[in-house]
**Student:** 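Got a structure here, written out as structure tokens. Questions coming.
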Amino acid sequence: MITKRDLLRAAALAAMTVTTMTPVPASAQAKAEWPDIIEAKRIAEEGFIYGLPIVMNYAVMYEFSVDTKNSQFKAPFNQIKNLAYVATYKDTAVVTPNSDTPYSTLWFDLRAEPMVVSVPAVEKSRYYTVQLIDGNTFNFGYIGSRATGSDAGDYMVVGPNWQGATPPGIKKVFQSSTQFAFAAIRTQLFNPEDMPNVVKVQAGYKAQPLSAYLKQPVTTASAAIDFPKVDAELVKKNFFEYLDFALQFAPAGPEERTIREKLARIGVGAGKTFNFKDLPLEHKLEVGLGMKEGEEKVEKYLAGGQKDVNGWKIGSLFGDRLFYSGDWLKRAAAAKGGIYGNDAAEAVYPMTKTLANGEVLDSSKHKYTVTFPAGQYPPVEAFWSVTMYDGKSQLLIENPINRYLINSPMLPGMKKNPDGSLTLHLQKDSPGADKESNWLPAPNGEMYLVMRLYWPKTEAPSILPPGEGTWQPPAIVALQ
């Protein structure tokens, strides 16, 4: 007999679009290993929260360095791709993209040998950073203006099992917790006319295998991998199969062993006795519900897990393995809010989708402003910006003036109020020719604002520690 509860489960599954293919018969031994339905749901919830950043990262890696026909493809593994432009509405692989700095991207395959990253000397007035991110979305190291200074240098990036010696000439060794990792290289652009200077800096970024750096023959080669194809629908349907694939390149850390053991109970990761696709249909229904509840927890944490300051959410969501220490919900919220964010010491990201009273920002209903009092701009060693995104997709917005953000290098061309304060106009239509220099175009609907403070100052006034600092972002005002 089909009960109402059965129908609700099926509806929830359909909403999550989790695969419900007829299960392949499994062995009696495998059946004996199956968790009961309640446990399967609980594991799916925890596993979704744990695995969300890992699967999101895999999807970006696939588009950037595997699928050569993808519009987002950048370069094969272990090759730098310099982008002589800032992100626009056409860049869709990464949610909440940074449009402040031209990127150089580098995906590492560290299975065969380490890679050596070399940076040129960069003028002290130009901020740059090489953020090293592994497949767990841990920020495992930094090279750049704040972390290592502006001098030229050679740095080595190694995989999780590397135990070799550090060669002469290498300034520092950074160890990834996974065999594939990502370097997001940001180079400050002062204005559109400055792009040729950025290109010169980018030309100085180099990446080469350790053997090439040492001028020695290559002794090992990486085995070919059949990477599973990625698109949004496939990820929804086969989430745990993607997670299963990614985990083979990520040895479990001490804090991961418990969740890995649980995942093995539903056929994911090392130690499993069957594949996830072999779970019975009724288990998959519960897995779908568990995933849905996990996603709801991530959204709730993102909305309330940070300090509310004048309507802006401010917190510290990004960091290394020690920073998270097994707090998978925080890590999932960080990825959902904007994957590949920086440590707070490198950048802080006040973000908001609402007014201070909680009302959703919707530029189809209101015009908005935000005003920085005279002399009270975001306190930074490098620069700051305010970027506009679509409130639902978290992507940049196509607009008539091709402006996606307002940042501190733009201040000389902006109009100040008589008292010296600066007002930004946040709306979908032009505020008029006399105010257009201060206009940040908004979508015709819900909007999402992210402020970025690069290399935030540590002395007062400061946004540090995030959410507790002496400097606070001003509230957004809805115009009547």
Side-chain angles (χ1 to χ4, degrees), residues 95-96 98 100 298-319 323-324 327 329-338 341-363 366-389 391 394 405-408 411 417 419-427 438 440 442 446-479:
V95 295
T96 324
N98 152 29
D100 281 302
V298 173
E299 293 285 358
K300 184 177 180 181
Y301 186 99
L302 195 57
Q306 303 181 83
K307 189 79 177 284
D308 189 309
V309 181
N310 296 328
W312 297 84
K313 305 296 184 184
I314 307 177
S316 181
L317 291 179
F318 304 95
F323 171 82
Y324 290 113
D327 188 341
L329 187 56
K330 177 187 285 189
R331 185 180 67 168
K336 182 78 172 178
N342 280 292
D343 292 10
E346 195 71 40
V348 175
Y349 307 93
M351 56 187 72
T352 185
K353 293 183 178 181
T354 68
L355 295 173
N357 65 5
E359 180 184 332
V360 173
L361 297 173
D362 190 333
S363 43
H366 297 287
K367 299 175 182 178
Y368 302 92
T369 61
V370 61
T371 299
F372 294 95
Q376 295 184 37
Y377 295 128
V380 292
E381 299 290 351
F383 69 102
W384 58 268
S385 69
V386 181
T387 306
M388 177 72 72
Y389 300 94
Q394 295 182 205
L405 57 80
I406 288 175
N407 61 23
S408 49
L411 289 175
N417 300 317
D419 64 357
S421 62
L422 177 75
T423 296
L424 307 185
H425 297 274
L426 317 171
Q427 55 190 72
N438 296 26
L440 184 53
E446 294 180 16
M447 62 191 219
Y448 178 37
L449 283 172
V450 177
M451 195 178 293
R452 288 174 168 86
L453 282 69
Y454 291 96
W455 193 355
K457 289 189 175 182
T458 54
E459 71 277 6
S462 172
I463 199 169
L464 299 175
E468 309 286 342
T470 51
W471 182 87
Q472 298 184 341
I476 296 171
V477 176
L479 303 182

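Scope of the values below: all heavy atoms of this structure, side chains included, with no hydrogens, waters or symmetry mates. Residues take their numbers from the sequence shown, with the count starting at 1. Remember, it's a predicted structure, so these values are computed and weren't measured experimentally.
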**Student:** Kindly indicate, with the supporting measurements, whether the criterion side-chain contact (heavy atoms from CB on, under 4.5 Å) is fulfilled by L449 and M388.
**Tutor:** CA-CA 5 Å; L449 283 172; M388 177 72 72; 3.7 Å; yes
**Student:** Regarding T96 and Q394, is there a side-chain donor-to-acceptor distance under 3.5 Å anywhere?
**Tutor:** yes
**Student:** Taking the side chain as every heavy atom from C-beta outward, state whether P379 and L453 have any atom pair closer than 4.5 Å.
**Tutor:** yes
**Student:** Examine the side chains of N342 and Y349 and answer whether a donor and an acceptor come within less than 3.5 Å of each other.
**Tutor:** yes
**Student:** If you compare all heavy atoms of L317 against all heavy atoms of Y301, which two are closest, and at what distance to 0.1 Å?
**Tutor:** CD2-CE2, 3.9 Å
**Student:** With side chains defined as the heavy atoms from C-beta onward, is the minimum distance between I476 and L426 less than 4.5 Å?
**Tutor:** yes
**Student:** Looking only at heavy atoms, what is the nearest atom pair of A478 and L355, with distance?
**Tutor:** CB-CD1, 4.0 Å
**Student:** Can a donor-acceptor pair be found, under 3.5 Å and without considering hydrogens, that links the side chain of N417 to the backbone of G420?
**Tutor:** no
**Student:** Hey, does Q306 have a side-chain heavy atom less than 4.5 Å from the side chain of W312?
**Tutor:** no
**Student:** List the steps, then state whether side-chain contact (heavy atoms from CB on, under 4.5 Å) holds for H425 with L440.
**Tutor:** CA-CA 6 Å; H425 297 274; L440 184 53; over 6 Å; no
**Student:** First locate atom CE of M351, then atom CE of M451, and finally report the distance between them rounded to the nearest 0.5 Å.
**Tutor:** 11.5 Å
**Student:** Minimum heavy-atom separation for N407 to L405, with atom names?
**Tutor:** ND2-CD1, 3.4 Å
**Student:** Run the numbers on Q427 and H366 for side-chain contact (heavy atoms from CB on, under 4.5 Å), then give the verdict.
**Tutor:** CA-CA 8 Å; Q427 55 190 72; H366 297 287; over 6 Å; no
**Student:** To the closest 0.5 Å, what do you measure between CG (N98) and CZ (R452)?
**Tutor:** 5.0 Å
**Student:** With sequence neighbours excluded, tell me which residues meet side chain to side chain contact (heavy atoms under 4.5 Å, CB included) with V309.
**Tutor:** K307, I314, Q472, P473
**Student:** Inspect the contact between E299 and K336 and indicate whether a charged nitrogen and a carboxylate oxygen are less than 4.0 angstrom apart.
**Tutor:** yes
**Student:** Does any non-hydrogen side-chain atom of V386 lie less than 4.5 Å from one of L424?
**Tutor:** yes
**Student:** Is the distance between the ring centroids of F372 and W384 under 6.0 Å?
**Tutor:** yes
**Student:** What I'd like to find out is whether the side chain of T371 reaches to under 4.5 Å of the side chain of L422, using heavy atoms alone.
**Tutor:** no
**Student:** Look up atom CG in L464 and atom OG1 in T458, then write down how far apart they are to the nearest 0.5 Å.
**Tutor:** 7.5 Å
**Student:** Decide whether N438 and T423 meet the rule of one side-chain donor and one side-chain acceptor closer than 3.5 Å.
**Tutor:** no
**Student:** Shortest non-hydrogen contact from S385 to D100?
**Tutor:** OG-OD2, 2.7 Å
**Student:** Could you measure the distance from the CD1 atom of I406 to the OG1 atom of T387? Nearest 0.5 Å is fine.
**Tutor:** 10.0 Å
**Student:** Could you tell me which non-hydrogen atom of W471 sits nearest to which non-hydrogen atom of P474, and how far apart they are?
**Tutor:** CZ2-CD, 4.4 Å
**Student:** If you measure from NZ on K353 to CG on D362, what distance do you get to the nearest 0.5 Å?
**Tutor:** 12.5 Å
**Student:** Would you please test Y448 and L361 for side-chain contact (heavy atoms from CB on, under 4.5 Å) and show each step?
**Tutor:** CA-CA 8 Å; Y448 178 37; L361 297 173; over 6 Å; no
**Student:** Tell me which pairs pass salt bridge (charged side-chain N to carboxylate O under 4.0 Å, His left out) where either residue lies in residues 372-383, with sequence neighbours left out.
**Tutor:** none
**Student:** Which heavy atom in V95 sits nearest to a heavy atom in A335, and how many Å separate them?
**Tutor:** CG2-O, 4.3 Å
**Student:** Do the non-hydrogen side-chain atoms of D343 and S316 ever get within less than 4.5 Å of each other?
**Tutor:** no
**Student:** Between the main-chain N or O of K457 and the side-chain N or O of S462, is there a donor-acceptor pair closer than 3.5 Å?
**Tutor:** yes
**Student:** Taking the side chain as C-beta and beyond, is there a heavy-atom pair between V380 and Y454 under 4.5 Å?
**Tutor:** no
**Student:** For the CZ atom of F318 and the OH atom of Y324, what is their distance to the nearest 0.5 Å?
**Tutor:** 6.0 Å
